[in-house]
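These notes are about the structure you will find just below.
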Amino acid sequence: MEDFFLLLKYLFLGLFQGFTEPIPISSSGHLEIAEYFFGLEIKGMSFALLVNTASLFAVLIIYREDIMRLIRNGLEYVTTKDKRAEADFRFIIYLIIATIPAGVIGVLFGDYLEGNIKTVGLTLLVTGLALWLIRNMRGRKNDAELSLKDAIIIGFAQAVALIPGISRSGATIVAAMGLGMKQETALRFSFLLYIPVSVGGMILGFNDILRDPNLNELALPYTLAFFASLVASYFSLKWFMNIMARGNLKYFAIYCFIVGPLVYFLS
């Protein structure tokens, strides 16, 4: 029976993380909330890496056509300098540049960016305020109109999301829309930017998986959580794309305004 409840716990955590990862309410913050209020202690340092990798696979599946187009046109521009492929080549360069701030800050200061449950309550309010400020924005910039400045600003916005409770997707989408991007462009840049960050984290954390003392014990729960997160991330991102198309970000802001104070004062 204990093994059964262990499986249920990791199934719930996988679904919970997978659902909250794409939407702008901070999946890492919500995992802390789940641990604190539901007493769901997460054994094993590699759990976060595992479920984030599952979310990465969901992003790769949904944006596979964009990824293949960028790779194809990027290579074509490098080899032929075809002007028709230049915009996609620059888009790739901007994704690389936007990855740098979070990568550098994460490596240098990652150990100092850990918060507690009250920190999550406060930062959810910050996330909600940022979403509220851009809730009615309708930008005009498309993929071909992005600039180096845009990439740098979005990159630093992503670095801010290293603070627990600050949503990565929320921070990057808020920055992108604040810079005048269309919702579709902001969403695509945000989630394509998730790919190199997630891959980097996967590479840096690979040794944590190998050295995890709970790996044998948790092999089945981890596997269940991985596939739960993959499925939940896929459908959550599809749902979020529809919400972005309708411009309903205010509902996420309201959610953060409600949950943030509750978490702060009840913890």
Side-chain angles (χ1 to χ4, degrees), residues 9-56 101-102 105-135 154 156-175 190-191 193-194 197-198 201 205 208 225 228-229 232-233 236-237 239-240 243 249-267:
K9 181 179 85 169
Y10 277 88
L11 173 63
F12 170 77
L13 289 170
L15 290 171
F16 193 62
Q17 187 279 337
F19 178 74
T20 55
E21 178 63 49
I23 58 180
I25 60 172
S26 177
S27 62
S28 60
H30 276 71
L31 277 180
E32 285 199 34
I33 292 171
E35 285 188 79
Y36 184 86
F37 286 104
F38 297 105
L40 296 174
E41 180 185 1
I42 299 175
K43 290 176 65 178
M45 296 298 293
S46 20
F47 177 79
L49 175 63
L50 182 81
V51 290
N52 283 329
T53 302
S55 296
L56 168 64
I105 292 173
V107 170
L108 295 179
F109 305 106
D111 293 338
Y112 302 99
L113 294 172
E114 296 180 3
N116 53 39
I117 193 68
K118 286 193 177 293
T119 301
V120 172
L122 292 173
T123 51
L124 280 175
L125 284 173
V126 174
T127 294
L129 178 61
L131 292 170
W132 186 260
L133 290 174
I134 58 95
R135 69 193 186 281
I154 295 171
F156 276 101
Q158 180 168 251
V160 171
L162 293 170
I163 301 171
I166 299 291
S167 165
R168 191 211 67 85
S169 63
T172 52
I173 288 170
V174 165
S190 172
F191 282 100
L193 184 57
Y194 177 72
V197 169
S198 184
D208 289 337
S229 179
S233 294
S236 180
L237 179 50
W239 175 61
F240 184 45
I243 288 176
L249 283 173
K250 64 182 179 182
Y251 297 114
F252 294 110
I254 293 169
Y255 172 86
C256 291
F257 290 150
I258 294 170
V259 175
L262 286 175
V263 168
Y264 183 84
F265 288 110
L266 294 177
S267 60

So CG of Leu237 and CZ of Phe19: to nearest 0.5 Å the spacing works out to 11.5 Å
Could you report the tightest heavy-atom contact between Pro22 and Ser233, atom names first, then the distance?
CG-O, 3.6 Å
Going through the checks in order, is the side-chain contact (heavy atoms from CB on, under 4.5 Å) test met by Leu129 and Leu125?
CA-CA 6 Å; Leu129 178 61; Leu125 284 173; over 6 Å; no
Measuring from Ser28:OG to Asn52:CG, what's the distance to the nearest 0.5 Å?
8.5 Å
Tell me, do Leu249 and Ile134 make a side-chain contact under 4.5 Å, heavy atoms counted?
yes
Min side-chain heavy-atom separation Val126-Ile163 under 4.5 Å
no
So which heavy atom on Pro24 is nearest to which on Gly170, and how close?
CB-CA, 3.5 Å
Looking at every non-hydrogen atom in both residues, tell me the closest pair between Trp239 and Ile23 and how far apart they are.
CZ3-CG2, 3.9 Å
When rounded to the nearest 0.5 angstrom, what is the spacing between CD1 in Ile166 and CD1 in Ile25?
13.0 Å
Just how far is it from atom CD of Glu21 to atom CZ of Phe240, taken to the nearest 0.5 Å?
11.5 Å
For the residue pair Asn116 and Thr119, confirm or rule out a side-chain donor-acceptor distance under 3.5 Å.
yes
Nearest heavy atoms of Ala102 and Leu162, plus distance in Å
O-CD1, 3.8 Å
Within the structure provided, determine whether Lys9 and Leu13 are in side-chain contact (heavy-atom separation under 4.5 Å).
yes
Do Ser229 and Gln17 have a side chain donor and acceptor closer than 3.5 Å?
yes
Taking only distance into account, with no hydrogens and no angle test, what donor-acceptor pairs under 3.5 Å do side-chain atoms of residues 251-267 form with protein atoms, sequence neighbours excluded?
unit_1, atom_1, unit_2, atom_2, d
Tyr255, OH, His30, NE2, 2.8
Ser267, OG, Val263, O, 2.8
Ser267, OG, Tyr264, O, 3.2

Do other residues, nucleotides or ligands put more than 12 heavy atoms under 6.0 Å from Lys250 NZ?
no
Residue pair Ala157 / Ala171: nearest heavy atoms and the distance that separates them
O-CB, 3.4 Å
The reported gap from OG in Ser167 to CD1 in Ile173 (rounded to nearest 0.5 angstrom) is 7.5 Å
Which atom pair, heavy atoms only, marks the closest approach of Val51 to Gly14?
CG1-CA, 4.4 Å
N/O donor-acceptor pair under 3.5 Å between Arg168 side chain and Ser190 backbone
yes
